[in-house]
Number of protein chains: 2
Amino acid sequence: MTQSYHHGALRQALLDAAETILDRDGIEALTLRAAAREAGVSHGAPAHHFRDITGLLTELAAMGFLRLRDALQEASDETDDPAGYVPALGRAYVGFARAHPGIFLLMFRSERLDWSAPSLDLAGPAAFAFLLKEERGDDVAGYAADMPDLVRATTRWSLVHGLATLVVDGRLSAMTQMIPHADLDVLIETVLAKGLAP
Amino acid sequence: MTQSYHHGALRQALLDAAETILDRDGIEALTLRAAAREAGVSHGAPAHHFRDITGLLTELAAMGFLRLRDALQEASDETDDPAGYVPALGRAYVGFARAHPGIFLLMFRSERLDWSAPSLDLAGPAAFAFLLKEERGDDVAGYAADMPDLVRATTRWSLVHGLATLVVDGRLSAMTQMIPHADLDVLIETVLAKGLAP
DNA sequence: GAGACTATCTTGACGGTGTCTAGATTGATG
DNA sequence: CATCAATCTAGACACCGTCAAGATAGTCTC
């Protein structure tokens with residue numbers, strides 16, 4: 001807390017402030033001025049660290065993709081059974097979305113992101129690379145995927161991403177409420193276990 | 001074209017104007033004032049037909065869900081082979097999203113919609129009901145689904161919705177561009193055919 | 001048909017937003 | 001120590017959603 005005219009680490013402070021707002025007040029409340037207020041600086045300060053609101057959201061989304069990659073990596077490391085590898089990744093994916101709905105929604109709000117920005121262009125594919133290979137331990141970097149691989153990966157990704165999106169948007173709980181004795185957690189787990197079985 | 005003070009059918013005109021903006025300029029440009037401008041009325045006029053911007057977007061989304069239901073119904077009617085029924089629905093779902101990306105994205109922008117509004121509360125489930133039963137011809141209204149049904153429906157819905165979302169957001173084409181000879185249309189078709197096989 | 005009523009639409013205002021500019025402050029460089 | 005560039009503030013602008021007050025016109029009653 002330097003109280004000085006120059007903040008010193010405003011860029012990271014703005015990202016932290018933005019995430020705080022995202023978690024606390026939702027994606028609607030996440031504005032450039034709100035982030036500046038949260039960080040205790042004037043409304044014009046962010047311009048020196050992010051070109052515009054898209055720049056801030058893009059960096060935040062890139063951060064999210066790195067965390068998603070870490071979550072998938074962790075799930076990958078903790079899985080012993082090769083047959084349970086893909087379902088474990090799915091659980092981690094959906095779990096990430098449910099634990100951080102704000103940043104997950106932001107990560108796929110493409111009209112407010114700049115996918116040509118280097119940080120996002122690197123962080124995005126890094127997270128998805130996990131879905132390409134079935135057996136864990138294979139290094140995905142430099143792996144030359146063919147069409148069947150791409151089909152398998154896309155199928156998995158679609159299932160997992162669709163499930164996560166529907167849950168976070170509240171569409172799935174709206175569905176389970178129409179059916180007695182339907183539990184959301186059980187439904188998610190069953191869909192992942194059966195839908196991602198080898 | 002009455003040119004009079006009273007429009008006469010402003011409510012529908014505003015919905016049409018909103019859809020025009022959505023298709024032409026994207027979801028970012030769709031504002032209440034822009035819709036009023038497009039319809040040729042003052043910025044305060046919409047308030048008498050929609051409570052607020054959420055009201056307009058909710059009605060527009062409800063319209064989208066009705067059209068999605070019609071598209072699924074049409075695909076259902078045109079399918080002769082029972083085995084190809086579910087993939088046909090999937091093709092219709094993804095096709096709808098690709099043909100009308102703006103309204104599709106809006107339909108699942110839950111933070112700007114009011115799902116407690118009667119129109120949306122009716123139109124939403126009406127579209128999804130198609131995914132509940134496998135054999136076509138069954139009346140889905142009043143059908144008492146059990147847990148295995150819900151699991152099957154959710155699995156299909158997740159796969160199809162995830163695929164549509166990833167395509168519309170541009171994530172999938174970013175992936176195919178990294179792999180030589182990968183065609184987006186072929187990929188989508190293959191994922192649908194293999195992933196939704198009975 | 002005339003008057004009253006009500007729904008519809010316009011206009012202006014308010015606080016909020018993103019972005020631009022000019023100016024103040026400060027750390028770093030030579 | 002002087003200069004300079006980077007950082008931050010403050011003010012302005014156009015746009016946004018929403019509210020209140022007033023103008024207009026269709027409708028209903030007598």
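Below, read A as the first sequence line, B as the second, and so on, with proteins coming before strands; counting in each chain starts at 1. Note that the structure is predicted; figures quoted are calculated from it, not measured.
Protein atom CG of B/Leu57 is 14 Å distant from nucleotide atom P of D/dC16, rounded to whole Å. Atom P of nucleotide C/dG18 and atom CZ of A/Phe50 are separated by 14 Å, given to the nearest angstrom. Rounded to whole Å, the distance from NE2 on A/His48 to C1' on D/dT7 is 6 Å. Atom CD of B/Glu28 is separated from atom P of C/dG18 by 12 Å (rounded to the nearest Å). Atoms CZ (A/Arg11) and C1' (D/dC8) sit 17 Å apart, rounded to a whole Å. Atom-to-atom, CG of B/Leu14 to P of C/dT10 comes out at 10 Å; the value is rounded to the nearest Å.
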Sequence neighbours excluded and cut-off under 3.5 Å, please list the side-chain donor-acceptor pairs for residues 43-65 of chain A, or say none.
unit_1, atom_1, unit_2, atom_2, d
A/Asp52, OD1, A/Thr54, N, 3.2
A/Asp52, OD1, A/Gly55, N, 3.0
A/Thr58, OG1, A/Thr54, O, 2.6
A/Thr58, OG1, A/Asp114, N, 2.9
A/Glu59, OE1, A/Arg11, NH2, 3.3
A/Glu59, OE1, A/Ser119, OG, 3.3
A/Glu59, OE2, A/Ser119, OG, 2.8

Name every donor-acceptor pair, under 3.5 Å, that has one atom in a side chain of residues 24-40 of chain B and the other anywhere in the protein, sequence neighbours excluded.
unit_1, atom_1, unit_2, atom_2, d
B/Arg24, NH2, B/Glu38, OE1, 3.1
B/Thr31, OG1, B/Ala34, N, 3.0

Anything under 3.5 Å between a donor and an acceptor, one on a side chain of residues 157-164 of chain A, the other on a protein residue two or more places apart or in another chain? List them.
unit_1, atom_1, unit_2, atom_2, d
A/Trp157, NE1, A/Tyr93, OH, 3.2
A/Ser158, OG, A/Thr154, O, 2.8
A/His161, ND1, A/Tyr93, OH, 2.9

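For B/Arg109, the side chain to side chain donor-acceptor pair (under 3.5 Å) partners at least two apart in sequence or on another chain are A/Glu111.
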Output a table of nitrogen or oxygen pairs between the protein and nucleotides 17-19 of chain D separated by less than 3.5 Å.
unit_1, atom_1, unit_2, atom_2, d
D/dG17, OP1, B/Leu32, N, 2.6
D/dG17, OP2, B/Leu32, N, 3.2
D/dG17, OP2, B/Arg33, N, 3.0
D/dG17, N7, B/Arg33, NH1, 2.5
D/dG17, O6, B/Arg33, NH1, 2.9
D/dT18, OP2, B/Ile53, N, 2.9
D/dT18, O4, B/Arg33, NH1, 3.2

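Here A/Arg37 lies in heavy-atom contact (under 4.0 Å) with sugar-phosphate atoms only.
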query = So A/Asp70 and A/Arg67, salt bridge (Lys or Arg N to Asp or Glu O under 4.0 Å) or not? Walk me through it.
reply = CA-CA 5 Å; A/Asp70 292 345; A/Arg67 288 200 205 155; over 6 Å; no
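Each salt bridge (charged side-chain N to carboxylate O under 4.0 Å, His left out) pair with one or both residues in residues 161-190 of chain A, not counting sequence neighbours, appears once here: A/Arg91-A/Glu189, A/Arg98-A/Asp185.
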